[in-house]
Student: 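One structure, pasted below without further comment.
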Number of protein chains: 2
Amino acid sequence: MSELDKSTEQVILRAARKVFTLRGFDGARMQQIADEAGINKALLHYYFRSKEKLFDAIFKEVMQLIIPGAVQVLLSDLNFSEKIYGFVEKYLDSLLANPDVPGFVLHELSLHPERLLDNIKGMGVDFNLLVGQIRREIELKHIKPVEPDHFMINLVSLCMFPFLARPVLMGLTGFDHGKFNAFIAERKQEIPRLILQSILP
Amino acid sequence: MSELDKSTEQVILRAARKVFTLRGFDGARMQQIADEAGINKALLHYYFRSKEKLFDAIFKEVMQLIIPGAVQVLLSDLNFSEKIYGFVEKYLDSLLANPDVPGFVLHELSLHPERLLDNIKGMGVDFNLLVGQIRREIELKHIKPVEPDHFMINLVSLCMFPFLARPVLMGLTGFDHGKFNAFIAERKQEIPRLILQSILP
DNA sequence: CAGCACTTTAATTATCCGGTTAAACCGGAT
DNA sequence: ATCCGGTTTAACCGGATAATTAAAGTGCTG
């Protein structure tokens, strides 16, 4: 595999990611991906034999893009407040860099949970480890007793939802691109404040 | 238009809603909708001339299903805490009755914001009215000063997101259908508690 | 009965799209 | 120069699917 190979493959993957995340698997067209990559359909199939194969490739890529980075922070040895601030900051940044990935991923997961959930399992996101962390913090009286399930869902909800609702926000309230980004930036303080004051003793 | 007409039309709309919300516009098949309704494709086109027309019909229906009911509570003359508890309770109930509507709506909105946002505008959801309510409560010192934008987004995020992530929850943690519903029921207390303690003086 | 709205059946058209193929081109490596 | 992997071009295939049509049937109503 030559240098050119790699770069073409990358060009294709970038194009595919754009089209797939924008239109979903069912809405994406191989022709559109080829156009976006500046190549032709034939070459697309030369690299990736089928739409499914191409999709699988970018889905893995995209999952690694949103999940693991921010989780590291939660497993570090910062104190609890710092962890929350750190997580939210990192997570929002990675979502800002890929604003339509969350909607894409959740939509595809809801269409084919069984097939796609394996991708998550096999990538080192250990839900139980996080829950264990929280239980420990409770035992140490660093935080009030909370249901770890609700805590995690609350945290992720508050970070991710604005991206899922972005079209509505931008269409209904006068949000433009810049205003939306500023809004998310504000949430780097807003979310930790909301979460923390509910659980700090 | 006879009684039979109406009931057939209703049968079609119910079938279409099921298939569309489950698979999205691009994933939905007219044949599948006909099967689900227990009729044939020809009759589908007899009532709704095209897939687009049928989609428009159910999209309007579905929007009215999630949006306006719960908002009433916020505009009533309950005190602020009661409003929040009431809103969350009502909203979660209507989402529980239509668990895959949120994902469907947000996905379609992100594909065709311009075309679909009109549906929202023309249905009496006055965002500014809600913001006004919040500002008034602040002036009256019923609640601490908050950004209305963040407040509203926080509230909706916490209610809606679990439904968007339901496939993940049910695939990753051992949630089954009953556990999920119980989890949502818990959130009728969890969400107002979280929200309120951040803004009550 | 006759008319009318609704419904079915079955066949057909037109389009879209994923995938394939063959032939040629190009540039770098052997 | 020759070979070869990457690339282009253009045409094509086959299947899926939305949409249409014609013809007949059903059942209610006036």
Student: If you only use heavy atoms from C-beta on, which nucleotide in dG18(C), dA19(D), dT7(D) is closest to the side chain of Thr8(A)?
Tutor: dT7(D)
Student: Whole angstroms only, please: what is the NZ-P distance between Lys51(B) and dA18(D)?
Tutor: 5 Å
Student: Please give, in whole Å, the distance from dA10(D) P to Gln31(A) CD?
Tutor: 13 Å
Student: From the set dT8(C), dG6(D), dC17(C), return the single nucleotide nearest to any side-chain atom of Arg29(A).
Tutor: dC17(C)
Student: Does the ring of Tyr85(A) carry Lys188(A) above it, NZ/CZ under 6.0 angstrom from centre and within 45° of its axis?
Tutor: no
Student: To the nearest Å, how far apart are Arg49(A) CZ and dT20(C) C1'?
Tutor: 13 Å
Student: Could you check whether Lys83(A) pairs with Glu137(A) (Lys NZ or Arg NE/NH1/NH2 to Asp/Glu carboxylate O, under 4.0 Å)?
Tutor: yes
Student: Let's see if you can work this out: which of dT8(D), dT7(C), dT9(C) has an atom nearest to the side-chain heavy atoms of Leu43(B)?
Tutor: dT7(C)
Student: Does dT7(C) have OP1 or OP2 sitting under 4.0 Å from an N or O in the side chain of Tyr47(B)?
Tutor: yes
Student: Respond yes when some side-chain nitrogen or oxygen of Tyr46(A) is under 4.0 Å from OP1 or OP2 of dT8(D), and no when none is.
Tutor: no
Student: Give the C-alpha distance, both sets of side-chain angles, the deciding distance and a yes or no for ring-ring contact (aromatic ring centres under 6.0 Å, His included) between Phe183(B) and His150(A).
Tutor: CA-CA 8 Å; Phe183(B) 180 71; His150(A) 287 288; 4.3 Å; yes
Student: Which one, dA5(C), dT8(C), dA18(D), comes nearest to the side chain of Asn40(B)?
Tutor: dT8(C)
Student: side-chain contact (heavy atoms from CB on, under 4.5 Å) between Ser110(B) and Asp100(A): does it pass, once the steps are laid out?
Tutor: CA-CA 9 Å; Ser110(B) 87; Asp100(A) 29 50; over 6 Å; no
Student: Tell me which nucleotide, if any, is Watson-Crick or G-U wobble paired with dA29(C) when both distances must be under 3.5 Å.
Tutor: dT2(D)
Student: Between dT7(D), dT21(C), dG19(C), which one does the side chain of Ala42(A) approach most closely?
Tutor: dT21(C)
Student: Within the structure shown, what part of the strands sits under 4.0 Å from Glu52(B) by heavy-atom distance: base, sugar-phosphate, or nothing?
Tutor: sugar-phosphate
Student: Give Ala28(A) one of three labels, base, sugar-phosphate or nothing, depending on what nucleic acid heavy atoms sit under 4.0 Å from its own.
Tutor: sugar-phosphate
Student: Can you tell me which nucleotide in dG19(C), dA5(C), dA19(D) comes closest to the side chain of His45(A)?
Tutor: dG19(C)
Student: Less than 4.0 Å between a side-chain N and a carboxylate O, is that true for Glu190(A) and Arg187(A)?
Tutor: no
Student: Rounding to an integer number of Å, can you tell me how far Asp26(B) CG sits from dA18(D) C1'?
Tutor: 13 Å
Student: Check whether any side-chain nitrogen or oxygen of Ser50(B) sits under 4.0 Å from OP1 or OP2 of dA18(D), and answer yes or no.
Tutor: no
Student: Report the distance from atom CD of Gln32(A) to atom C1' of dC16(C), rounded to the nearest whole Å.
Tutor: 14 Å
Student: Could you tell me the separation between the CG atom of Leu54(B) and the C1' atom of dT17(D), rounded to a whole number of Å?
Tutor: 15 Å
Student: Take the protein atom CG of Leu44(A) and the nucleotide atom C1' of dG19(C), then report the distance between them rounded to whole Å.
Tutor: 11 Å
Student: Expressed in angstrom and rounded to an integer, what is the separation of Phe48(A) atom CZ from dT7(D) atom P?
Tutor: 12 Å
Student: Just checking Arg115(B): does its CZ atom have more than 12 heavy atoms from other residues, nucleotides or ligands closer to it than 6.0 angstrom?
Tutor: yes
Student: State whether the distance check finds a donor on one side and an acceptor on the other, under 3.5 Å, for side chain Lys41(A) versus base dG19(C).
Tutor: yes
